[in-house]
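FYI, side chains are in, hydrogens and waters are out, and symmetry mates aren't considered; it's all heavy atoms of this structure. Counting starts at 1 for both ligands and their atoms, following the listed order.
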Amino acid sequence: MMSVYLIGLTGGIASGKSTVATRLAEHGAVHIDADQLAREAVEPGTDALQNIAETFGDHLIQPDGSLDRPALGTVVFGNPELLRKLNAIVHPAVQDLTRYYVKQAEEHDPNAIVIYDVPLLVEAKLPHTFNLIVVVHSTDETRVERLIRHRGLSRAEAQKRVGSQASEAERLAIADIVIDSDGTLAETLGQTDALWSRLVTLSHASNT
Ligand SMILES: CC(C)(COP(=O)(O)OP(=O)(O)OC[C@H]1O[C@@H](n2cnc3c(N)ncnc32)[C@H](O)[C@@H]1O)[C@@H](O)C(=O)NCCC(=O)NCCS
Ligand SMILES: Nc1ncnc2c1ncn2[C@@H]1O[C@H](COP(=O)(O)OP(=O)(O)OP(=O)(O)O)[C@@H](O)[C@H]1O
């Protein structure tokens, strides 16, 4: 039976997942971004957003009805119990959306290479079965520095976010393929181009 070739792409915060996924999409992959689905899951009018307001307070809803994301981030990162509550609200909705988008990609092109770009592959015990797991790997210090430089977080905030996720060792333990993103951007993109050639070969082999 023909079916899409499904890659789980993961890595810690600011490891370069989006950079890698965007490059693979330029080569022709279908990119499904879990962070984006997590935004869709809490749009105004959703049960998940109402649940967040009931659990964490109405003050997190802005006058236009949308979620105040930075404020909620300050509440949950560094507080494992509250982060667990938020995950319990948002993750089931993200999983439903993921199934929907993978199915849609399959209907459009059963031979597609689909990249599911998901920061919490290790943490969220996903029900999806992947043909291959790719981990974008860089040290905690590199990622903290990127969060400070590119996203304007303080060192303490950056460390809280890094500390809210699984360790690099836990991610590497589930990797079939590792992209090392501690080097230059050009080096990450070079490894990504080599990965694409490999994915094309592997997906052809799995379809015959
Ligand atoms: C707390 C929220 C509102 C903060 O929003 P904000 O716009 O500041 O960050 P954004 O969503 O773009 O996430 C940025 C990065 O933070 C990390 N991160 C996000 N959520 C989590 C989480 N629950 N646990 C650990 N790390 C997380 C990821 O590396 C992600 O790529 C938001 O991250 C959220 O709703 N998180 C819960 C949903 C979730 O788990 N999303 C991750 C993909 S399923
Ligand atoms: N060698 C490198 N590889 C990848 N990204 C790099 C590298 N050097 C610097 N960067 C920069 O680091 C940042 C990585 O951000 P990117 O959005 O790709 O990460 P991410 O893992 O998707 O983050 P998040 O988990 O927050 O969604 C980008 O601004 C990118 O330009």
Side-chain angles (χ1 to χ4, degrees), residues 8-25 31-43 46 48-49 51-53 55-56 60-62 66-98 101 115-126 128 134-153 157-168 170-171 178-193 195:
L9 176 73
T10 195
I13 186 164
S15 57
K17 287 180 307 299
S18 305
T19 304
V20 169
T22 302
R23 182 72 154 206
L24 294 172
H31 178 196
I32 301 176
D33 179 349
D35 280 337
Q36 208 173 307
L37 301 191
R39 286 167 197 268
E40 198 175 325
V42 299
E43 273 171 7
T46 57
L49 184 59
N51 210 333
I52 287 172
T55 309
F56 296 94
L60 291 174
I61 309 302
Q62 306 185 100
S66 68
L67 178 62
D68 185 344
R69 303 180 65 85
L72 182 55
T74 310
V75 171
V76 295
F77 293 120
N79 186 327
E81 181 52 25
L82 294 182
L83 184 61
R84 196 191 54 74
K85 278 192 179 165
L86 176 64
N87 288 344
I89 296 170
V90 181
H91 288 179
V94 171
Q95 283 172 12
D96 286 348
L97 287 168
T98 301
Y101 283 110
I115 310 295
Y116 184 49
D117 166 4
V118 57
L120 306 179
L121 187 62
V122 171
E123 297 87 336
K125 299 193 178 63
L126 295 176
H128 315 286
V134 175
V135 170
V136 185
H137 164 66
S138 53
T139 63
D140 287 1
E141 185 49 28
T142 301
R143 287 178 293 116
V144 166
E145 285 298 331
R146 284 182 189 154
L147 288 171
I148 295 169
R149 197 155 344 119
H150 301 300
R151 300 205 196 153
L153 296 190
E157 283 168 332
Q159 281 167 340
K160 272 187 193 163
R161 290 217 178 198
V162 167
S164 297
Q165 301 188 335
S167 66
E168 282 305 297
E170 287 170 291
R171 276 186 289 272
V178 176
I179 291 197
D180 181 342
S181 71
D182 260 331
T184 64
L185 192 55
E187 281 165 352
T188 297
L189 294 175
Q191 292 172 66
T192 308
D193 292 343
L195 170 64

Quick check on contacts: which atoms of ligand 2 are under 4.0 angstrom from a heavy atom of Asp35?
27 (O)
Of all protein heavy atoms, the one nearest atom 23 (N) of ligand 1 is Asn87 OD1, 2.7 Å
4.0 Å heavy-atom contact, Ser164 with ligand 1:
yes
Say whether Pro119, considering both its backbone and side-chain N or O atoms, lies within less than 3.5 Å of an N or O atom on ligand 2.
no
Near Ser181 (heavy-atom distance under 4.0 Å), the atoms of ligand 2 are 1 (N), 2 (C), 3 (N)
At what distance is the nearest protein heavy atom to atom 22 (O) of ligand 2, and which residue and atom is it?
Ser18 OG, 2.6 Å
Residue-ligand contact Arg39/ligand 1, heavy atom below 4.0 Å:
yes
Which bit of Val136 is near ligand 2, meaning a heavy atom under 4.0 Å away: side chain, backbone, both or neither?
neither
Kindly confirm or rule out an N or O of Lys17 lying under 3.5 angstrom from an N or O of ligand 1.
no
Around atom 22 (C) of ligand 1, find the nearest protein heavy atom and jot down its residue, atom name and distance.
Leu120 CD1, 3.6 Å
So, is Gln165 polar-close to ligand 1, with some N/O to N/O distance under 3.5 Å?
yes
Looking at ligand 2, is there an atom of it that comes within less than 4.0 Å of some heavy atom belonging to Gly12?
yes
Near Lys17, which atoms of ligand 2 are under 4.0 Å from a heavy atom of that residue?
18 (O), 19 (O), 20 (P), 21 (O), 22 (O), 23 (O), 24 (P), 25 (O)
Ligand 1 atoms nearer than 4.0 angstrom to some heavy atom of Asp35 are 30 (C), 31 (O), 42 (C), 43 (C)
For atom 18 (O) of ligand 2, the closest protein heavy atom turns out to be Thr19 OG1, 2.6 Å
Run Glu170 and Ser167 through side chain to side chain donor-acceptor pair (under 3.5 Å) and show every step you take.
CA-CA 5 Å; Glu170 287 170 291; Ser167 66; 3.1 Å; yes
Of the protein's non-hydrogen atoms, which lies at the shortest distance from atom 35 (O) of ligand 1, and what is that distance?
Leu86 CD2, 4.0 Å
May I ask whether Glu187 has any heavy atom positioned less than 4.0 angstrom from an atom of ligand 2?
no
Identity and separation of the nearest protein heavy atom to atom 5 (N) of ligand 2
Leu185 CD1, 3.6 Å
Measure from the side-chain N and O atoms of Gln165 to the backbone N and O of Gly12, and report whether any donor-acceptor pair falls under 3.5 Å.
no
Tell me the closest heavy-atom pair linking Ala21 and Asp117, and the distance in Å.
CB-OD2, 3.8 Å
Of the protein's non-hydrogen atoms, which lies at the shortest distance from atom 9 (O) of ligand 1, and what is that distance?
Arg161 NH1, 3.5 Å
min-distance protein heavy atom vs atom 16 (O) of ligand 1 -> Ile13 CD1, 3.4 Å
Going by the atom numbers of ligand 1, which of them fall below 4.0 Å from some non-hydrogen atom of His91?
39 (C), 40 (O)
Kindly say whether Pro70 contributes a backbone atom to a donor-acceptor pair with the side chain of Thr74 at under 3.5 angstrom?
yes
Output yes when Arg84 and Glu123 qualify as a salt bridge under the 4.0 Å nitrogen-oxygen rule, no when they do not.
no
Protein residue, atom and distance nearest to atom 11 (C) of ligand 2, heavy-atom basis:
His150 NE2, 4.0 Å
Donor-acceptor contact present, side-chain Arg171 to main-chain Ala166, <3.5 Å
yes
Tell me: protein heavy atom nearest atom 2 (C) of ligand 1, and distance?
Arg69 NH2, 4.3 Å
Check Leu83 against ligand 1 and report side chain, backbone, both or neither, counting heavy atoms closer than 4.0 Å.
side chain
Salt-bridge test for Glu157 and Lys160: reply yes if a basic N is under 4.0 Å from a carboxylate O, no otherwise.
no
Measure the distance from atom 38 (C) of ligand 1 to every protein heavy atom, then report the residue, atom name and distance (to 0.1 Å) of the closest one.
Val90 CG1, 3.8 Å
Just go through Arg146, Gln36, Arg149 and tell me whose heavy atom is the nearest to atom 10 (N) of ligand 2.
Arg146
Does Ser181 reach the main-chain N or O of Ser15 with its side chain, forming a donor-acceptor pair under 3.5 Å?
yes
Is Gln159 reaching over with its side chain to a backbone N or O of Val144, donor-acceptor style, under 3.5 angstrom?
no
For atom 41 (N) of ligand 1, what is the closest protein heavy atom, and at what distance to 0.1 Å?
Ala38 CB, 3.8 Å
Qualifying residues under salt bridge (Lys or Arg N to Asp or Glu O under 4.0 Å), relative to Arg23, sequence neighbours excluded:
Asp193
For Tyr101 and Glu40, run side chain to side chain donor-acceptor pair (under 3.5 Å): C-alpha distance rounded to whole Å, both residues' side-chain angles, the deciding distance at 0.1 Å, then the answer.
CA-CA 12 Å; Tyr101 283 110; Glu40 198 175 325; 3.0 Å; yes
Looking at ligand 2, does any of its N/O atoms fall within less than 3.5 Å of an N/O of Gly183?
yes
Below the 3.5 angstrom mark, is there an N/O of Arg151, backbone or side chain, next to an N/O of ligand 2?
yes
Measure the distance from atom 3 (N) of ligand 2 to every protein heavy atom, then report the residue, atom name and distance (to 0.1 Å) of the closest one.
Thr188 OG1, 2.7 Å
